[in-house]
Every structure is written in C-alpha cells, then in structure tokens.
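These notes concern the structure reproduced below.
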Amino acid sequence: KQKKTYHYRIVVANSSGECSSEDRTITTGSLATGLPTIKVTNKGDASSLFGGFLITAQYQGASGGKAPALIFDKDGEIVWAYSIPTSQQDGLTCARMSYAGTHMWINSANVAGAMMGGGSGKANVHRVAMDGTDDQDLSSKFAGLNHQLTILPDETVAYYAYGSNGCDDIKEYSPSGTTRTIVNAGTAQGGASACHVNNIQYASDDTLLFSDLDSQVVVKVSRKDGSTVWVLNGGKNPLPGVSWKGSQHGIHMIDPNNFVLFNNNSTSLMGMGSAGGTGDGSKVLQIKIDPIAKSASTVWSYKGPANLQTDVMGDVQRLPNGNTLIAYSTKGAVQEVDKDGQVLSEWTFPLGAQFGYIEKRATLYGPPPR
C-alpha cells in the first residue's frame with residue numbers, strides 16, 4: 001500500500017539448512033492523484049472470499065489525456081498504477097500481465113474503427129515493465145486491435161483486429177515481433193458478413209475462444225490452422241443444448257470444455273436492432289461442452305440485480321476457490337458470488353469511473369491462475 005513501511009527478510013533454503021538475511025525495510029511512495037477510490041462492502045464470512053489482486057483499466061472518467069491501468073489489493077486499495085495517453089472517447093479497456101508476470105499489456109477500446117466503417121480507428125497498445133522502467137508503444141504492431149487481448153503461456157498475444165470484410169480477424173503477435181492471421185471471425189462462424197468481436201481467450205488444448213457481439217455467438221477455433229471446433233448460439237451448425245439472448249462480452253475458460261460467459265441480457269444490440277434480452281439484469285452462464293456427444297449444456301447461472309444491468313462491456317472470471325467474479329464494467333461495480341449465487345463482496349467505483357475487462361490473481365508474481 002502507498003506511504004507505508006514494510007519489513008522483510010530474504011530466506012534461502014536447501015537440504016543443508018536455511019539462511020536468512022537481517023531485517024530490512026522499504027517505504028513505498030505516493031500514488032498519482034486522480035485515481036478512483038473504491039468502496040468495498042463485504043458480506044458474511046471474509047474467509048470465503050478469494051482475496052488476491054484485481055487487475056483492470058479505466059475505461060471512462062479519466063482526465064488529462066491519460067488513463068491508468070490499475071491493480072487493487074483485497075481491500076480495494078490501489079497498489080500499482082500506470083497511465084498511458086488516450087482520449088476520453090477511447091478509454092482503456094484491457095490490462096493484462098505477461099504470463100511470467102514481468103510486464104503489463106495495456107490497450108484502449110478503439111471503437112472508432114467500427115463507427116467509421118471498418119477498421120480506420122487507431123490501435124493504442126503499450127507493454128510496460130512492472131517496475132515502470134520500460135514503456136514500449138507497440139501500437140503500430142497491432143493495427144486495428146480493439147477492446148482486449150490475452151496472453152498465452154509462451155508470451156504470444158492473441159487478439160482481434162478490424163478486417164476488410166466487415167468482420168474482425170483473429171490474430172496473434174509472437175514474442176519475436178511477427179504477426180499472423182489465424183482466421184476471419186465471419187469465416188469461422190460459417191459466413192457471417194457483420195462481426196464485432198469483443199473477447200478472446202486461450203484454452204489449454206491449443207485453441208482460442210472468441211465472442212462476437214453482432215451474431216451473439218461464441219466460437220472455438222484451432223490455433224494451428226484456424227479451423228472451427230464448434231459454434232454456440234448461432235452461426236452454421238451450432239452445437240445444440242444452449243442458447244441465450246441479449247448478447248455477451250467477457251468469457252473465461254475453466255478448462256477446454258468448460259467456460260463462463262457474461263451475458264449482457266440487453267434489449268438492443270448497440271443501437272443496431274433488437275438483441276432479444278429482457279434488460280432487467282445481466283447474467284453469468286457456465287457452459288459445458290460434451291465433445292463426444294457434440295452438444296452443450298448450461299450447468300450454472302447467476303442473474304445480477306436490475307440496477308447493475310450492463311449493456312456495454314462486462315466480464316466474468318471463475319476463481320480457483322469456486323467463487324465467481326463479475327464485472328459490471330459500465331455500471332462501476334464488481335461482485336464476488338459463491339456457488340449458490342450469494343453475493344460475498346461488492347466493490348463500487350466512483351460515479352463515472354467505468355472500467356474495462358478484469359483479471360484476478362492470488363499473487364502478482366508468476367503465471368496467472370488457470
């Protein structure tokens with residue numbers, strides 16, 4: 001935490017014994033001004049909460065031509081922040097630590113490309129060392145990137161960028177600096193002509209899962225050749241057994257055949273027609289795939305309160321202790337709920353301080369939880 005003195009020792013151990021340094025101290029500095037102050041309301045037994053650190057980025061509400069990526073501790077206090085240049089109209093939507101935990105990847109929404117007719121918006125992507133000593137502006141390497149990216153175990157970055165046919169391309173950026181297109185989102189779902197991808201995730205069977213807002217589908221594709229593994233809720237030959245209305249944003253893989261989905265439950269599709277939802281509370285769906293039967297089923301669900309109905313953005317994460325973290329991004333709230341749907345904790349951001357996609361980690365060192 002800021003302006004605090006910490007005591008520490010360095011301990012080294014092997015089969016011969018243990019060696020410890022003397023007691024040392026480090027005093028932290030002050031945070032930048034203008035960062036959001038979070039109200040945390042815990043309900044019930046605090047031991048049932050996951051704890052850890054929440055990583056996100058400020059989508060709206062920042063000022064001065066910059067917006068921060070943020071890390072909060074379990075008490076809702078900011079313990080790390082780094083701002084990059086952006087605009088009020090194109091705030092930050094994603095902050096993701098590198099797989100090894102040494103850098104933070106930060107990007108803006110870049111929604112202007114969609115509004116201007118197919119990818120003319122300018123990507124804004126930075127890779128920042130966690131100690132702040134190295135800020136690489138990699139925007140030129142990620143032309144057309146929008147919304148969000150995800151980091152693979154070998155530090156490859158999977159993302160999506162505006163395509164030339166009205167549908168986003170699913171792409172990867174390698175640690176060596178090369179970029180490749182895996183597949184077009186429209187092709188992957190069977191020939192869609194209008195796509196707006198808003199989330200991408202990696203699965204350990206070497207596949208990628210992406211969410212398309214326009215078609216209200218989730219698609220799984222092979223990283224190797226871009227072939228479609230399956231499609232849910234639409235497209236060509238979708239797996240039977242599940243359906244939803246009101247579109248979707250964030251998805252989180254539990255295992256290759258099991259994931260959670262943030263269902264916006266919107267009545268309209270970003271002003272472009274009906275989305276079919278009821279608009280009285282966004283939902284979380286846990287969907288399980290049966291690869292043998294080639295079918296899907298909803299095995300868990302949760303509906304949020306009507307006052308947190310989130311039509312734009314939204315994210316979800318299944319935590320290692322079984323709880324579910326839900327981000328009502330543009331309503332400025334985060335909930336942690338248990339398997340029975342009981343709200344254990346609610347974080348409230350100040351009015352106007354909307355945030356992007358989320359990731360929670362038990363520690364800020366090493367790989368993320370899987």
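Counting from 1, the numbers follow the sequence of the chain as shown. Just the heavy atoms: all of them, side chains too, but no hydrogens, waters or symmetry mates, feed the values below.
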Where the side chain of [X] meets the backbone of [Y], is there a donor-acceptor pair that is under 3.5 Å apart?
| X | Y | value |
| --- | --- | --- |
| N257 | P291 | no |
| N146 | G144 | yes |
| D315 | F262 | no |
| T56 | Y357 | yes |
| D169 | K171 | no |
| T330 | V312 | yes |
| S297 | V299 | no |

Side-chain heavy atoms of L149 within contact of R96, under 4.5 Å: yes
Heavy-atom side-chain contact between L213 and H249 under 4.5 Å: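 L213 vs H249: side chains touch.
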Crowding at NZ, K303 (>12 non-hydrogen neighbours, <6.0 Å):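 Count over threshold, so yes.
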Side-chain donor-acceptor contact under 3.5 Å, E172 with T156: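 Distance-only check fails for E172 and T156.
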S48 and D45 side chains, donor-acceptor separation under 3.5 Å: no
Intermediate values then yes/no, side chain to side chain contact (heavy atoms under 4.5 Å, CB included), K331 and M313: CA-CA 10 Å; K331 289 301 174 71; M313 300 288 291; over 6 Å; no
Full working for side chain to side chain contact (heavy atoms under 4.5 Å, CB included) between I200 and I170: CA-CA 9 Å; I200 189 166; I170 307 302; 3.7 Å; yes
Steps toward salt bridge (charged side-chain N to carboxylate O under 4.0 Å, His left out) verdict (K1, D73): CA-CA 8 Å; K1 301 178 190 293; D73 69 8; 2.4 Å; yes
S266 and its side-chain hydrogen bond (donor to acceptor under 3.5 Å, both in side chains) partner, picked from T278, D311, T310: D311
Candidate list K339, H252, R318, test side-chain hydrogen bond (donor to acceptor under 3.5 Å, both in side chains), partner Q286, passing option: R318
Pair F142 + Y173: ring centers closer than 6.0 Å: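 Yes, the ring centres sit under 6.0 Å apart.
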M130/M97 under side chain to side chain contact (heavy atoms under 4.5 Å, CB included): CA gap, chis, key distance, verdict: CA-CA 9 Å; M130 293 305 296; M97 290 181 72; 4.0 Å; yes
Straight-line distance of I10 CD1 to D23 CG, nearest 0.5 Å: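 Between atom CD1 of I10 and atom CG of D23 there are 11.5 Å.
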same_hphob_cluster(F72, L49) at 4.5 Å side-chain heavy-atom cutoff: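 Hydrophobic grouping puts F72 apart from L49.
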Any pair counted as side chain to side chain donor-acceptor pair (under 3.5 Å), so long as it reaches residues 226-238, sequence neighbours left out: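 Passing the test, one end in residues 226-238: D225-S227.
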Parallel, tilted or perpendicular: rings of F355 and F349 (30°, 60°): parallel
